[in-house]
Amino acid sequence: MKESATKRPLIEIRGIHKKFGSKTVHKGIDLDVYEGEVLALMGGSGCGKSVLLRMIVGLEKPDRGTIHFNGHSIEKLSEEELVPVRKKIAYVFQYGALFDSFSVRENLAYPLREHTNFSEKEIEQKVLTTLDQLGLKGTENLYPSGLSGGMQRRVGVARSIIMNPEVVLYDEPTTGLDPFNTAQILKIILKLKQQGTTSVLVTHDMHAIFSVTDRVAFLKDGQILALGTAEEIKNSKVKEVSSFIHGEAY
Ligand SMILES: Nc1ncnc2c1ncn2[C@@H]1O[C@H](COP(=O)(O)OP(=O)(O)O)[C@@H](O)[C@H]1O
Ligand SMILES: [Mg+2]
């Protein structure tokens, strides 16, 4: 997006290399994520999208290269030093990762109890308004096992955003979801964007890409092969990108 050029990169990814054993995943990834944008990461299965997302919250360490958040290097931080970073950058796990023995209310209250001095009344208020934003009103007393997969995913999103993070990272937030659940998740991504939140989402969902993203980065063979608006990526002349998008043999 042209206007992005004038915006400040909130996350700067430079020269990332990563191997698992003899398997090379990243071979020099450079990518900026601008403040307030929604950036999609696309690419074939196993190309390293999830690993890159996890690196941004320090769940994986690169072998080489740097990741800066707000001008501060994060790739070498210890678990303890990552605690404040993870309050600002939320990671939405692909399958929600809820606590099964906690009710929906307790799942959402957990980060607030751990990281804020909110009173019980403030916590309850925040839990209920966040559930409402995800179309989950009335589910607070249910347990994860009593929810559909789509609802579990939405509760996972609710729990991730309840601390008002600056950045939300979503790993395939709509994969496998029906249109109703997909729409609820896209709606919250857009709503957070209007409030200035930055989002990075790994997705194959072209509808999601067209409805919420500002830019799309396409990963292939350990590098960013193409970067542009959804429209630019859709019309890309790069063979691998167009075959992938148009569902041809890849
Ligand atoms: N912790 C790990 N240990 C070993 N290999 C891993 C690990 N995490 C990911 N990989 C491998 O790295 C590659 C990229 O994984 P991933 O980022 O999950 O791909 P995707 O683009 O599908 O999200 C895959 O080949 C995967 O098997
Ligand atoms: Mg993945």
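Counting begins at 1 with the first residue of the sequence. Numbering of ligands and ligand atoms starts at 1, following listing order.
- The single protein non-hydrogen atom nearest to atom 3 (N) of ligand 1 is Phe20 CD2, 3.4 Å, given as residue, atom name and distance.
- Each of Leu201, Val216, Val38, Ile233 was compared with Ile209 under the side chain to side chain contact (heavy atoms under 4.5 Å, CB included) criterion, and only Val216 meets it.
- Only the side chain of Arg54 comes within 4.0 Å of ligand 1, judged by heavy-atom distances.
- If you number the atoms of ligand 1 from 1 as listed, the ones under 4.0 Å from a heavy atom of Val51 come out as 8 (N), 9 (C), 15 (O), 16 (P), 17 (O).
- The contact set between ligand 1 and Ser45, taken as ligand atoms under 4.0 Å from a residue heavy atom, comprises 22 (O).
- Ranking the protein heavy atoms by distance from atom 18 (O) of ligand 1 puts Ser50 CB, 3.6 Å first.
- Ligand 1 has a nitrogen or oxygen under 3.5 angstrom from a nitrogen or oxygen of Gly48.
- Checking atom 14 (C) of ligand 1 against the protein gives a heavy-atom contact under 4.0 Å.
- Taking the six-membered ring where tryptophan is involved, the planes of Phe218 and Phe244 are perpendicular, since the angle between them exceeds 60° and thus also 30°.
- Note on Ser45: not counted as a metal contact of the Mg ion (ligand 2), no N/O/S atom lying under 2.8 Å.
- When Val25, Leu219, Leu59, Thr24 are ranked by how near their heavy atoms come to atom 12 (O) of ligand 1, first place goes to Val25.
- Listed by atom number, the atoms of ligand 1 under 4.0 Å from Lys23 heavy atoms are 13 (C), 24 (C), 25 (O).
- Put simply, Leu59 and Val85 are part of the same group of oily side chains (I, L, V, M, F, W, Y) that touch within less than 4.5 Å, one to the next.
- Relative to the ring axis of Phe99, Arg159 places its NZ or CZ within 45° and under 6.0 Å from the centre.
- Between Gly46 and ligand 1 there is a heavy-atom distance shorter than 4.0 Å.
- Interatomic distance, CD of Glu75 versus NZ of Lys61, reported as 8.0 Å (0.5 Å rounding).
- A distance of 4.5 Å separates CG in Leu53 from CG in Leu169, rounded to the nearest 0.5 Å.
- Protein heavy atoms come within 4.0 Å of atom 1 (N) of ligand 1.
- Other residues, nucleotides and ligands place more than 12 heavy atoms under 6.0 Å from the CD atom of Glu122.
- In this structure, Lys234 satisfies the cation-pi test against Phe210, with its NZ or CZ atom closer than 6.0 Å to the six-membered ring centre and inside 45 degrees of the ring normal.
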